[in-house]
Amino acid sequence: MTAERVFIVARKEFTDQITGWRFLVILALFLSLALMGTYTGIEYYQSDLTRYTEDLISMETADDGPQRTMPSKPPVADIYSSMFGMLISFGGLLAIAVGFDRVSREKESRSLKTLLARPVYRDEIINGKAIGGVALLVLVVGSALLLSTALLLVFSFVPSPDDLWMILTYAGVTLLFLVTFFSIALALSTLCRKSGSALLLAVVVFILLVFLAPYTTAQVGMALMMEKPDPGAYGGDTSSEGYQAEITAYAEQMKVIESAVNLLSPQMAVNTLIRGVHNSPGTSLEDTNGKIWSSVAALTVYPVVFFAIAYTRFMRMDIR
């Protein structure tokens with residue numbers, strides 16, 4: 001395998017897709033979602049800004065009294081959080097639409113057999129298709145980010161340097177989420193002979209991971225975990241050593257359930273990640289990741305596993 005031939009395949013995949021009507025429709029849908037999310041975020045941000053201004057005024061006009069904490073100005077990155085949250089709500093299905101026929105379409109048209117007759121190896125083809133697909137998703141996320149930024153500038157909202165890492169983190173985890181479902185669609189495209197079957201199975205997996213897996217995991221976990229400690233059993237003394245030990249154990253079990261849900265559902269994982277970054281302004285990404293490791297693991301493991309499935313299946317595929 002040579003990198004040059006891999007990128008030749010990737011460039012061909014990227015070019016073929018970017019000039020096709022289906023990708024243009026997907027891009028238009030993504031940008032429409034980005035506009036909706038940005039506009040919603042601006043409305044919430046303006047409300048937060050008004051509340052911040054009122055708090056400042058009340059501090060300046062208040063009589064001398066107990067020391068009050070200076071209110072913090074809401075970061076412009078909150079608007080991006082809303083925008084990327086909107087993309088995530090529907091992005092999994094759109095990512096599936098990008099990848100469900102990467103291989104099955106060429107099997108149906110028998111163009112794959114012609115391609116393999118050329119001086120190019122199987123691993124170069126599947127790696128090129130994967131890279132080309134990921135490049136399309138990078139283009140989509142980048143376009144949404146640029147469109148959102150342009151709209152913010154129209155409203156005179158300029159992100160500060162402190163907002164930059166949060167915005168880039170939102171973009172990165174959104175891209176990982178889209179790559180997750182693209183990898184699922186690519187794997188099913190190698191496993192199924194027909195594109196229609198690959199699309200149907202990909203939608204079934206989407207429903208399973210987004211809806212059924214987190215609900216089932218949460219219900220099973222809640223059924224197995226200990227009951228919430230009753231302060232009445234300790235005479236209403238919530239500061240007692242026994243009560244504190246039980247409530248700590250209860251909280252730890254809740255964290256385990258949340259981690260299991262995040263690990264099994266990419267949708268829950270990316271929402272938890274964005275929420276964790278959103279609720280941790282002023283902290284580093286390393287500190288934030290310590291609290292949301294299961295979300296990071298899910299968004300890393302799923303693409304790796306499904307790309308490995310696609311690679312292994314394609315290398316052993318009967319092209320006749």
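Basis for what follows: all heavy atoms, side chains included, without hydrogens, waters or symmetry-related copies.
Side-chain atoms of V158 and L152, non-hydrogen and from C-beta on, never get closer than 4.5 Å to each other. Two residues are said to be in side-chain contact when any heavy atoms from C-beta on lie closer than 4.5 Å; L186 and F181 fail this criterion. At least one side-chain heavy atom of V140 sits less than 4.5 Å from a side-chain heavy atom of F23. A heavy-atom distance below 4.5 Å is found between the side chains of L191 and I309. Using a 4.5 Å cut-off on side-chain heavy atoms (C-beta onward), P159 and L164 make no contact. By the 4.5 Å heavy-atom criterion applied to side chains, L209 and Y302 are counted as neighbours. Within the 4.5 Å cutoff, side-chain heavy atoms of F307 are placed close to those of V134. Between L137 and V179, some side-chain heavy-atom pair lies under the 4.5 Å cut-off.
With hydrogens and angles disregarded, a donor-acceptor distance shorter than 3.5 Å links the side chain of T190 to the backbone of A187. Under the 3.5 Å distance criterion, the side-chain polar atoms of S143 are matched with a main-chain donor or acceptor of L139. At least one donor-acceptor pair under 3.5 Å links the side chain of S189 to the backbone N or O of F100. Side chain of R122 to main chain of F314: a donor-acceptor pair is present (N/O by atom type, distance under 3.5 Å, no hydrogens or angles). Looking only at distances, a side-chain donor or acceptor of S47 sits under 3.5 Å from a matching main-chain atom of E43.
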Where do F30 and L178 land on the side chain to side chain contact (heavy atoms under 4.5 Å, CB included) test, with the steps shown first? CA-CA 12 Å; F30 263 106; L178 298 178; 3.9 Å; yes
Step by step, would you call I96 with F182 a side chain to side chain contact (heavy atoms under 4.5 Å, CB included)? CA-CA 5 Å; I96 286 172; F182 169 76; over 6 Å; no
Report the C-alpha distance between L87 and V141 in whole Å, list the side-chain angles of each, state the deciding distance to 0.1 Å, and finish with yes or no for side chain to side chain contact (heavy atoms under 4.5 Å, CB included). CA-CA 9 Å; L87 289 184; V141 173; 5.6 Å; no
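With respect to Y80, the side chain to side chain donor-acceptor pair (under 3.5 Å) criterion is satisfied by exactly one of T149, D163, T169: T149.
Nearest approach of L31 to L147, heavy atoms of both residues: O-CD2, 3.6 Å. The nearest pair of heavy atoms linking Y45 to P75 is CE1-O, 3.4 Å. Nearest heavy atoms, T15 versus T19: O-OG1, 2.9 Å. Nearest heavy-atom pair across S82 and G41 is OG-N, 3.4 Å. Residues A77 and I167 share a closest heavy-atom pair of CB-CG1, 4.0 Å. For M315 against D123, the heavy-atom pair with the smallest separation is SD-N, 3.5 Å.
Note that the OG atom of S32 and the CE atom of M86 stand 11.0 Å from one another [nearest 0.5 Å]. Within the model, atoms CZ of R51 and CD of Q46 stand 12.5 Å from one another, a figure rounded to the nearest 0.5 Å. In this structure, CG on L151 lies 10.0 Å from CE on M83, to the nearest 0.5 angstrom. Rounding to the nearest 0.5 Å gives a distance of 13.5 Å between CD1 of I125 and CZ of R102. In this structure, the separation between CG on L199 and CG on L188 is 10.0 Å, given to the nearest 0.5 Å. Of the inter-residue distances, the one linking L35 atom CG with T40 atom OG1 reads 10.5 Å to the nearest 0.5 angstrom.
Put simply, V301 and L208 are part of two different groups of oily side chains (I, L, V, M, F, W, Y) that touch within less than 4.5 Å, one to the next. L200 and F206 are not part of a single hydrophobic cluster, where members link through side-chain heavy atoms under 4.5 Å apart. Note: the hydrophobic cluster containing Y44 does not contain V76 (ILVMFWY, side chain heavy atoms under 4.5 Å, direct or indirect links). A single hydrophobic cluster is not seen to contain both L29 and L146; linkage of ILVMFWY side chains at heavy-atom distances under 4.5 Å, directly or through other members, places them apart. Follow the hydrophobic side-chain contacts under 4.5 Å out from Y39 and you never reach L33; the two are in separate clusters.
D101 has a carboxylate O that lies under 4.0 Å from a charged side-chain N of R22, or vice versa, which qualifies the two as a salt bridge.
Note on ring orientation: taking the six-membered ring where Trp is involved, the planes of F157 and F155 are parallel (angle under 30°, cut-offs 30° and 60°). Between F84 and Y170, the ring-plane angle classifies as tilted under the 30° and 60° cut-offs.
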